Amino acid sequence: MAYEILEHTADAGVRGSGPTLEEAFAEAARGMFSLMADLQAVRSQQAVQVAVEQESLESLLVSWLAELLARRDIEGLVFADFQVHIEGAEGRWTLAAHAWGEPMDAGRHQLQVEVKAVTYYGVRVEKVGDTFFAQCVLDL
Amino acid sequence: MEHRKLSDFVWEIPQSGDMLVPGRIYASEELLGPLLDDVRGGQQWNALEQVRNVASLPGILKASIGMPDIHPGYGFPIGGVGAFDIDEGVVAMGGVGFDINCGVRVLATPLSADDVRPRKEELADRLFGGVPAGLGSQGKLRLTVEGIDDVLRKGARFAVDRGFGLPEDLELSEESGCMEGADPEAVSLKAKQRQFRQVGTLGSGNHYLEVQEVVEIHDREAAAAYSIEEGQILVAIHCGSRALGHQIGQDYLEELERASRKYNIPVRERELVCAPIRSPEGERYLSAVAAGVNCALANRQTIAHLVREAMAPMFSIPHEQIRTLYDVGHNNVKWEKHSIDGRERQVLVHRKGSTRAFGPGRPENPARYREVGHPIFVGGTMGTSSYILRGTEKGMEEVFGSGVHGAGRALSRKKAKKKWHGSQIAKDLAEQGIELRAHSGSGVAEEAPGAYKKVELVVDAAVQSGINAMVARVFPMACIKG
């Protein structure tokens, strides 16, 4: 289980990986929040529930990350821990998740750049060998 | 990719395949080179391919245009301009992007560089303290859905009505501070909720607030119309529609994907999803964009007020003397009249990373700028000059009255963070006489002057090709980053 920040001229790509699809999605979210804050400083004090539905896994990934950005702004939270459940098949995928975090604190979280949006550019969800990967490019 | 030189600063990508019009790039050989390298190197993210994709959209008129600051974007290239026929054409999400009406407001102060230089540290501190910036920052306004709807309908007028600014600010803003056709109903509840605490915030990334000195005037007539002179202090505000605009982009990326399928429009890149202009989906997106434009106008108006609150008491000057020079956006789609094949027509112009730059005589210009054309602001970096240009008749004929908007990145944020440290950059800038205040050290490293292309190359190509004209050069004295 890991995330990686991908090189990209104007913005930044993020790639989550793990032994399950769910863990790859959770790691992609951690990667996205790692661009915004020091994840080690973020305590799991509050949880929000997220549910999204899409036709493809790629769209599901974009919607999942975009929903987290919306919750960041609406609730004023920064998240560092995610538990994701995905069900479905091509044509209809659903994701239900919990995201844990706490109110953004510029002093403690070393807040960095604000991710504006999640793009479809380079979006990919795939299984290579035994590992699932979930990646896309973020607009900063 | 096939391309031919039309002149030293104009290149054509001939019409081929699905292209309905040619591509036309305004650039020097030096600016074009890296774009061609991307094509030859098989780079997937490739601005010239994006010019071709835009040239294939239904109803596009004359040419798919790349401005001198062209670089890869999402759907449209950044620095991409495309005008569309009302009946045959489409409106595309990628032609506006996620930061709707991101733009620049410049305030002209009565102060000279000599007045400000000895007190620039204090001024930087006051601006840094007075204007909320950076991730998680909150504006002083706490709005509800009704309040946001008011922002979306009224634009900058929302702020002026609340005492944040002066009535004169409105006439010196694009669209007189309020874009017509905005419909709050076309904007999701989620977009509005995200904005409750973000009106009057700067954001982060490449957004900034900068105190600048006018160091060179090149066009005396235009400078006189703009009432600017050498040695004068200006304040530039670069930001957009904040989370509300980002969410509109995210929402319509889905809605317009469905519309593209419904109307059988081939999608060459996901962010190029679109809808016919004359369709319920297209009209709905246009009214959502107009609402986003107004949100950005209200945002810059509110920040302008915060700048006045920080500066006016410090230098014992009334707010009225810190006047708006102009406010102009660079991620927009607008109805405009242009001459197409010798006939004046109403067309829909997308400008992604390009400002409107209407030349002399256009009725849309504020009365006092009508004869010379309105100013446009070309942002450099924290450590380099920025430029004030204006539109030209040639620009009206060739590029739908469009202008360049900035330098564009040369190095990725990841590479920039490896190469530079925020504290070192602050020191380097201080040596050049520039005070930097920033909420995020890594953000400063990402925005290092060396991570950007030379803005002079961009300005030179815009001026040499004749699509924009040079008015003045300004140099930073203090810079506030998110």
Side-chain angles (χ1 to χ4, degrees), chain A residues 4-14 33-38 52-56 58-60 62-63 65-78 101-124 136-140, chain B residues 38 43-45 71-75 78 94 97-99 102 134-138 188 190-198 203-207 240 242-247 249-251 253-254 257 269-271 273 408-415 417 439-443 446-447 451 482:
Chain A
E4 192 186 344
I5 302 303
L6 307 172
E7 204 71 52
H8 188 270
T9 312
D11 295 311
V14 64
F33 278 93
S34 80
L35 291 167
M36 297 186 259
D38 173 11
V52 288
E53 189 181 314
Q54 277 288 0
E55 289 179 13
S56 70
E58 286 76 15
S59 296
L60 194 72
V62 172
S63 293
L65 297 177
E67 185 60 26
L68 291 171
L69 293 182
R71 302 302 279 273
R72 172 201 67 190
D73 292 335
I74 294 169
E75 329 256 357
L77 297 174
V78 56
E102 62 175 329
M104 275 185 263
D105 179 339
R108 247 175 356 93
H109 294 144
Q110 292 189 36
L111 296 177
Q112 299 168 34
V113 70
E114 177 182 66
V115 175
K116 287 180 187 168
V118 185
T119 82
Y120 274 85
Y121 187 81
V123 64
R124 199 183 286 174
C136 65
V137 170
L138 306 167
D139 188 14
L140 306 183
Chain B
D38 283 350
Q43 283 284 340
Q44 200 195 346
W45 213 44
H71 57 281
Y74 302 109
I78 316 288
F98 292 104
D99 199 352
C102 184
L135 174 61
S137 65
Q138 297 190 327
S188 69
K190 199 190 287 176
K192 294 172 189 175
Q193 287 173 326
R194 287 180 72 174
Q195 193 65 19
F196 283 172
R197 296 299 307 268
Q198 294 206 5
S204 73
N206 62 1
H207 294 158
R242 310 289 300 115
L244 182 127
H246 309 161
Q247 187 66 43
Q250 205 84 58
D251 290 339
L253 198 48
E254 304 294 325
E257 196 271 334
E269 189 179 324
R270 184 59 166 73
E271 270 81 10
V273 289
R409 292 192 76 90
L411 271 189
S412 74
R413 290 171 182 277
K414 193 174 170 181
K415 282 202 181 107
K417 267 200 283 196
H439 291 274
S440 161
S442 64
E446 290 179 8
E447 295 293 320

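As the structure is a prediction and not an experimental result, all values here were calculated from the model.
Using a 4.5 Å cut-off between heavy atoms, B/Ala451 makes no contact with chain A at all. B/Leu411 touches chain A through its backbone: at least one of N, CA, C or O sits under 4.5 Å from a heavy atom, while the side chain does not. Looking at A/Ala70, both its backbone and its side chain come within 4.5 Å of chain B, counting heavy atoms on both sides. At a 4.5 Å heavy-atom cutoff, the contact between A/Ala117 and chain B is made by backbone and side-chain atoms alike. There is no contact between B/Lys192 and chain A, counting heavy-atom distances below 4.5 Å. For chain B, the nearby part of A/Gln54 is the side chain; its heavy atoms alone come within less than 4.5 Å. Neither the backbone nor the side chain of B/Gln138 has a heavy atom closer than 4.5 Å to any heavy atom of chain A. In this structure, the portions of A/Asp11 lying under 4.5 Å from any heavy atom of chain B include both its backbone and its side chain.
Contact of the B/Tyr74 side chain with the A/Val137 side chain is registered, since non-hydrogen atoms from C-beta on lie closer than 4.5 Å. Side-chain contact between A/Glu58 and B/Arg270: absent, with no pair of heavy atoms (C-beta onward) separated by less than 4.5 Å. Proximity of B/Glu257 to A/Ser59: side-chain heavy atoms (C-beta onward) are nowhere separated by under 4.5 Å.
The heavy-atom pair separating B/Lys414 from A/Ile5 by the smallest distance is NZ-O, 2.7 Å.
The most heavy-atom pairs under 4.5 Å with chain A, out of B/Glu269, B/Gln195, B/Arg242, come from B/Arg242. Chosen from A/Arg72, A/Glu7, A/Gln112, A/His109, the residue pairing most often with chain B at heavy-atom distances under 4.5 Å is A/Glu7. Contact count versus chain A (heavy atoms, under 4.5 Å) is highest, among B/Arg197, B/His246, B/His207, for B/His246. Ranking A/Leu35, A/Thr119, A/Leu69, A/Leu77 against chain B, the residue ahead of the rest is A/Thr119, based on heavy-atom pairs under 4.5 Å.
Every residue meeting the side-chain contact (heavy atoms from CB on, under 4.5 Å) condition with B/Asn206, not counting sequence neighbours, appears here in chain and number order: B/His238, B/Glu447, B/Tyr452. Take B/His71 and apply the ring-ring contact (aromatic ring centres under 6.0 Å, His included) test, not counting sequence neighbours, and it matches no residue.
With hydrogens and angles disregarded, a donor-acceptor distance shorter than 3.5 Å links the side chain of B/Glu271 to the backbone of A/Tyr120. Side-chain atoms of A/Tyr121 come within 3.5 Å of backbone atoms of B/Trp45 as a donor-acceptor pair (strictly under, hydrogens ignored). Put simply, the side chain of B/Gln250 gets close to the backbone of A/Val118: a donor and an acceptor are under 3.5 Å apart.
Heavy atoms of other residues, nucleotides or ligands lying less than 6.0 angstrom from CD of B/Glu254 number more than 12. Enclosure of atom CZ in A/Arg108 by more than 12 non-hydrogen atoms of other residues, nucleotides or ligands within 6.0 angstrom is indicated.
Between atom OG of residue B/Ser442 and atom CE of residue A/Met36 there is a gap of 12.5 Å, rounded to the nearest 0.5 Å. A distance of 8.0 Å separates CG of A/Asp73 from CG of B/Leu135, quoted to the nearest 0.5 Å.
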Worked verdict on B/Lys190 versus A/Ile74 for side-chain contact (heavy atoms from CB on, under 4.5 Å)
CA-CA 8 Å; B/Lys190 199 190 287 176; A/Ile74 294 169; 3.9 Å; yes
With side-chain contact (heavy atoms from CB on, under 4.5 Å) as the criterion, how do A/Leu111 and B/His439 come out once you've worked through the C-alpha distance, each side chain's angles and the decisive distance to 0.1 Å?
CA-CA 8 Å; A/Leu111 296 177; B/His439 291 274; over 6 Å; no
